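As the structure lists them, so they are numbered: ligands from 1, and atoms in each ligand from 1. Every value quoted in this text rests on a predicted model; they were computed, and no experiment measured them.
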Amino acid sequence: MNPSWWMAGVPFACQPDCGKCCDEPGGIVYLRPEDAEIMAQHHGLEVADWLQRDCRQTLDGRWVLKSDPVTDICIYLDEQKKCTTYEARPAQCKSYPFWAENVRSDRSWRKTVSECPGLESEEAFIISGDTIRTKIIEDRDASRGFRQWPPKSR
Ligand code: SF4
């Protein structure tokens, strides 16, 4: 598989009322510092307060969104499977299904296609290679994450 096979563009249209990619117990959403700033502002909180309220740290210290303690699903997904923070959602949520781990092999992409109805939808339109590259980079940045606020590099 050509490592940049997606540069030719990929048909995709996110399906309304689907929510499959969020409705997954055990899913982890890593955050970039700018995601934390946007989310905190959206919720009317200081970043440190928002991190304490709506996030947790993984074993290696990266900040991620909290999950519901009973369902183990993202705390922002409501009962209608709608994202309650959609306008401010983090880059990793926006970049799905074009995550580095999904596009890296035939096998991982076939699995992604089987999980995301937007990739085989009749309404799908071509997402350009440049857009996909941006999404892959944002996903990689998010996976790197940050461990303290404010981040060291700022
Ligand atoms: S699984 Fe695919 S189609 Fe469904 S909400 Fe997620 S990105 Fe959209």
Salt bridge check, Arg32 against Asp141: does any charged N sit closer than 4.0 Å to a carboxylate O?
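Not counted as a salt bridge, because no side-chain N and carboxylate O are separated by less than 4.0 Å.
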
Could Arg133 and Asp130 be called an ion pair, given the rule that one side-chain N must be under 4.0 Å from one carboxylate O?
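Looking at Arg133 and Asp130, the cut-off is met.
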
Protein N, O or S atoms less than 2.8 Å from atom 2 (Fe) of ligand 1, ignoring waters?
Cys116 SG

I'd like to check which ligand 1 atoms, numbered from 1 as shown, lie under 4.0 Å from a non-hydrogen atom of Gly19.
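In order of numbering, the contacting atoms are 5 (S).
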
If we only count heavy atoms from C-beta on, is the His43 to Thr85 side-chain gap below 4.5 Å?
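In contact.
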
Excluding sequence neighbours, so at least two apart, what forms side chain to side chain contact (heavy atoms under 4.5 Å, CB included) with Ser67?
Asp72

Quick check: closest heavy atoms across Pro97 and Asn102, and the distance to 0.1 Å?
O-ND2, 3.1 Å

Provide the closest heavy-atom pair for Asp139 versus Ala100 in the form atom of the first, atom of the second, distance.
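Between these two residues, the closest heavy atoms are OD2-N, 3.0 Å.
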
